[in-house]
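The structure's right below; bear with me while I get my questions together.
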Amino acid sequence: MASKLLHRVRAVSARLKYSRTLSPTLAAFASSRLLSDVAPSASTSPAPQSSGSSDKFEHNAKSSSVRSSLKDPELAKFSAIADTWWDSGGPFKPLHLMNPTRLAFIRSTLCRHFGKDPSSARPFEGMKIVDVGCGGGILSEPLARMGASVTGVDAVDKNIKIARIHADLDPVTSTIEYCCTTAEKLVEEQRKFDAVISLEVIEHVADPAEFCQSLSALTIPEGALVISTINRSMRAYATAIVAAEYLLHWVKEMAGFVYNPLTGRWSLSDDVSVNFIAFGTKNSQ
Amino acid sequence: MNRFIRKSFAVNLGGIRVRSRCLCGAAAAGPSGSIRQSNHGQEQQCSGTSIAQYDIAIVGGGMVGMSLACSLASMPLTKHLNVAIIDSNPALVNGIRINKQDPPDPRVSTITPATTSMFRDIGAWQYLQPYRHAYFDQMQVWDYTGLGYTRYHARDVDKDSLGCVVENKVLQSSLLLCIQNADFQKRIFPSRLVSMSLNPGLKSKQMDGISSEISRADLAKLHLSDGTCLYAKLVVGADGSKSQVRELAGFKTTGWNYSQNAVICTVEHASENQCAWQRFLPAGPIALLPMGDNFSNIVWTMNPKEALDRKSMTEIDFVKTVNHALDHGFGPHPTSSLLGKGNIFSWFGAGVPTSGNGGFEIPPKVVKLASERMVFPLSLRHANDYVSKHVALIGDAAHTVHPLAGQGVNLGFGDAFALSRVIGEAIAVGMDIGEASLLKKYEAERKPANIAMMAILDGFQKAYSVDFGPLNILRAAGFHAANYISPLKRSIISYASGEQRLPLFT
């Protein structure tokens, strides 16, 4: 049962990264509507978007230019998708269940590394964090609530739209900057962040080592990098092994994610054989 | 064994947690049905230009609602929250004046040791100490058949006391002082909740352009009786057994009325009473709880007609009937053992000293009545769910129990402290506090514990409402078991003191 559920989670995260849509009707909608749609191919590399317009597009997320490109009927449709995505009892339930556990790990490692007070309600105040592969913003929003200045990027435009709509509901999270772009593009723009977080992405990347290099380039010296992945199929396992070899020299702390089917809860453990999350820092060079 | 546990659960830790909801104006005697609006109905107009927004709106500023506020104020993760307290009781704004020379109020609560330590943790206990309150370390429970009794002592569980009896107004005032002196953003709305709109979902959100007056689709909107409106991420229903929040949020309840009323009053003795007494009579239990200064509180459960008689008879006659009920009335005193000298239960507790060897004592005589007599109907009610998106119920709003073991308000305090802890955990991981999945954690923690307690109390209520020979003997055996089997006695005390959450041998 655990593996079946993990299968669903993997399917969920796969869906998040690619424009494999939630339903056939939406598929039709998506392929005709979206400006920058990543072709749902077997290729696992996060292909760059038709960059220029979409980047600028998303940087002005909060201004009326976004609103003008999305007319009310479109908005209504996206709102419906966002509702489903964000429904913690809905099709993305496993992701929502996993989230508090991931956040607990991130909070404790980052607080320790940056010397922040863990009992503060907003310990990440003043920190810049990027969430690579943010999906609908399930990680970005809590990070923003914890005080961070968050940038969320995802290769799938639909995810970014969902994330934007949901984040705008609350003034605290509406400050999140969402961009439909890739880690490599951010590196080209010479963006730097105190912490770079990429959860459930690396298993979908064609060249994990290169991906890790991009993530590392986004991190300031002595900054933090957090990666998690599902370790379920042999392929994913192999991918992770490759990435891990590259990562190993900087991984400081690793924790396993374990799912208990009886309680329906995820928890952290030392067992990294199924799914794990890793934290490391970049040396100043 | 279960039956023994239930039976021996004739531990009355005290009185009643009566009508604290009298301070919850929100649930006061209902005006016409037109006040109750559906969530989808026409929204009332809101007075004022902009609508204030709060993190948490606590509807009901009674003991349980205020304990939630104090608990939030005391934890670093939650002390920055912006809280609204909605209660039309003017005492919340003007303060509660207590004169130490005042005769004791008949409305008291018995606080378990677990609740006392939670009060200490949130810093409210210090405000209570200057006023009248009484710890007791002994308890005696018996019935009218004279077949058995149980005597509990705090030293059976290596503790100093079994509980503390405090007037409700003292509890109220301490919590109010605690929150006023805390560095905490709160605002008291001296008004009643009239209607509530909960988040209908993103789909129906009206996007009217770039304006900042977009109605907040992710918050609950509350309308008060004086026309004010406010938004809140989480609405906590702490408004008593006739909870308005529970009604507006559409929670169903299960329950029944007991065909019993409780007569409450304060009486005076010639000397200090330091033990809690409870005797089960044919119509219901009578409890005598020490309050300090030679006063005790009486909680006497009986059928409604008798209750009316007892309330209206003269004071002298009433004192006579009370003494009669506590002493020789309705049946003989129990002897020390059911089966003669060689008590078969004594080998269970061999080698372990217990208070089972203390003999039966007669309660102290009541000398005079010291307060008015009040009568309240008793019922059991339980909300089928405690939470839904943006809403959580605590205290009597979620569950109402029989006062026979003095557990009611302690369950409510347990709810408040559990909810504040869950809110703290949510903030630690940056989650939205109105999120249903998170509130379900609170429900999963409290519901089983509350239901278990309610079932036990209800079981007792039913077990003692029948006068039937074999049943009487079984109950007596229960008394003896509780008295002489030390592990059982310790378990009972531990559960009733709030140290243990569930009634099994865990």
Side-chain angles (χ1 to χ4, degrees), chain A residues 62-64 66-68 70-72 75-89 93 96-97 99-108 111 117-124 138-148 150 162 165-166 168-173 263-265, chain B residues 50 53 55-56 72-82 184-185 199-220 231-234 387-390 421-441 444-445:
Chain A
K62 284 198 306 192
S63 75
S64 53
V66 177
R67 307 253 163 89
S68 63
L70 274 183
K71 303 288 187 295
D72 275 333
L75 204 56
K77 281 216 160 86
F78 274 115
S79 299
I81 303 171
D83 247 350
T84 317
W85 203 96
W86 275 94
D87 176 9
S88 54
K93 183 172 173 184
H96 288 278
L97 279 180
N99 210 34
T101 320
R102 314 194 292 186
L103 284 160
F105 177 87
I106 291 170
R107 186 195 173 92
S108 88
C111 279
D117 176 13
S119 62
S120 154
R122 292 171 66 87
F124 298 154
I138 192 171
L139 192 76
S140 306
E141 290 195 12
L143 290 173
R145 287 201 191 92
M146 291 198 237
V150 180
I162 292 173
I165 289 178
H166 195 268
D168 282 339
L169 293 178
D170 183 352
V172 175
T173 51
T263 60
R265 293 258 188 73
Chain B
S50 61
Q53 195 191 313
D55 294 309
I56 301 181
L72 291 169
S74 71
M75 298 196 306
L77 278 171
T78 53
K79 63 202 290 195
H80 66 284
L81 291 174
N82 202 357
F184 189 61
Q185 277 175 290
N199 177 23
L202 287 163
K203 281 193 271 280
S204 44
K205 175 179 164 186
Q206 298 306 312
M207 288 277 284
D208 42 38
I210 324 93
S211 77
S212 55
E213 284 310 318
I214 292 173
S215 93
R216 292 294 304 273
D218 64 325
L219 302 176
Y231 283 118
K233 288 188 190 152
L234 173 62
V387 303
S388 70
K389 190 158 194 229
H390 297 308
R421 203 178 352 98
V422 162
I423 291 173
E425 284 166 7
I427 291 182
V429 289
M431 290 185 68
D432 176 12
I433 55 179
E435 179 82 41
S437 57
L438 167 129
L439 297 173
K440 289 259 178 247
K441 272 203 318 188
E445 188 182 321

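Each chain gets a letter, A, B and so on, in the order the sequences are listed, and its residues count up from 1.
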Subject >> Pairwise distance CD(B/Q53) to CG(A/D170) - rounded to 0.5 angstrom >> reply: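 That separation rounds to 7.5 Å.
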**OP:** Using non-hydrogen atoms and a 4.5 Å limit, figure out which bit of B/E425 sits close to chain A: side chain, backbone, both or neither.
**Re:**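 For B/E425, no heavy atom lies under 4.5 Å from chain A.
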**OP:** Under 4.5 Å, counting heavy-atom pairs only, tell me which of A/P118, A/G147, A/A104, A/P142 racks up the most with chain B.
**Re:**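 Most pairs with chain B among the choices: A/P142.
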Original post:
Roughly how far, to the nearest 0.5 Å, is the CD atom of B/E435 from the NE2 atom of A/H96?
Top reply: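 Nearest 0.5 Å value for the NE2-CD distance: 7.5 Å.
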Original post:
Between A/R107, A/E141, A/R122, which residue shows the highest count of heavy-atom pairs closer than 4.5 Å to chain B?
Top reply: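 Maximum pair count with chain B is reached by A/R107.
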**OP:** Mind listing the closest non-hydrogen atom pair of A/A121 and B/L77 along with its distance?
**Re:**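 The pair with the smallest heavy-atom distance is CB-O, 3.7 Å.
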**OP:** First locate atom CE of B/M431, then atom CG of A/N99, and finally report the distance between them rounded to the nearest 0.5 Å.
**Re:**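 Separation between the atoms: 7.0 Å.
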Original post:
Going by heavy atoms in the side chains, are A/R145 and B/D432 under 4.5 Å from each other?
Top reply: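 Counting from C-beta outward, A/R145 and B/D432 do come under 4.5 Å.
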**OP:** Any chance you could measure B/M75, atom CE, to A/S119, atom OG, to the nearest 0.5 Å?
**Re:**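 With rounding to 0.5 Å, CE (B/M75) is 11.5 Å from OG (A/S119).
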Original post:
Which one, B/A436, B/P76, B/G424, B/A428, leads in non-hydrogen pairs under 4.5 Å with chain A?
Top reply: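 Max contact count across the listed options: B/A428.
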Original post:
Which pair of heavy atoms, one from B/V429 and one from A/M146, lies closest together, and at what distance?
Top reply: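 Heavy-atom minimum between the residues: C-CE, 3.8 Å.
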